[in-house]
Amino acid sequence: MIESFVDEITRKIFEGEELSRKDLKRLGDLRIDKAQERLHVLNQASERDLLSLRSLHYHRLHGLRRYSIDADSRHSKWRITFEWSDEHLKNVSLVRIKDTH
C-alpha cells in the first residue's frame, strides 16, 4: 500500500484528479491512463507480486535504497520510483529518465 508521494502530480494521477495544463506539459509523452493503472497495481502489490509481474520490469536502483517499475511501457522514458517501508511503499514518484549519452 502506498503511504506517501514525493510530488503532487503523482498523487493526482493516482487519485484520478484532473491535471492542469502545466502538469500535462511537464508529463509530455507519458500515457497517464497507463501510469495510473500501474500506480494502482503498485498500491495493491507485495514485493513478491512485483517480482512475478515481468511486464513491470521491477528492479532496485543501483547504489540506492529505491526501486523502480516502468510507468507505462518498457520503451517509455518514464519510471515510477519508490522505497519500501516494511510492506508499504513510501516516497512514490514519477521520474523521467534522461539520456545522458
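Within the 4.5 Å cutoff, the side chain of R31 has no heavy atoms near those of the S76 side chain. With a 4.5 Å cut-off on side-chain heavy atoms, L53 and I69 do not count as touching. Contact check for R79 versus R96: no side-chain heavy atoms found under the 4.5 Å cut-off. Side-chain contact between H59 and L61 is present, with heavy atoms from C-beta onward closer than 4.5 Å. With contacts defined as side-chain heavy-atom distances shorter than 4.5 Å, the pair I32/L24 qualifies.
Residue V6 comes nearest to N91 through the heavy atom pair CG2-O, 3.3 Å, listed as atom of the first residue, atom of the second, then distance. Annotation for D29 and D72: closest pair O-OD2, 4.2 Å, computed over non-hydrogen atoms.
Residues E15 and R11 are paired through a salt bridge, judged by an N-O separation under 4.0 Å between the basic side chain and the carboxylate. Using a cut-off of 4.0 Å between Lys/Arg side-chain N and Asp/Glu carboxylate O, D70 and K34 are scored as not salt-bridged.
A tilted orientation is assigned to the rings of F14 and F5, their planes being inclined by 30° to 60°. Between W84 and Y58, the ring-plane angle classifies as perpendicular under the 30° and 60° cut-offs.
If you take CG on L42 and CD1 on I2, they are separated by 5.0 Å, rounding to the nearest 0.5 Å.
For the residue pair T81 and R66, a side-chain donor N or O sits within less than 3.5 Å of a side-chain acceptor on the partner.
By the rule that hydrophobic residues join a cluster once side-chain heavy atoms approach within less than 4.5 Å of another member, L19 and I80 end up as members of one cluster.
Judged purely by atom type and a 3.5 angstrom limit, D23 uses its side chain to pair as donor or acceptor with the backbone of S20. With S4 contributing its side chain and K90 its backbone, the two residues share no donor-acceptor pair below 3.5 Å.
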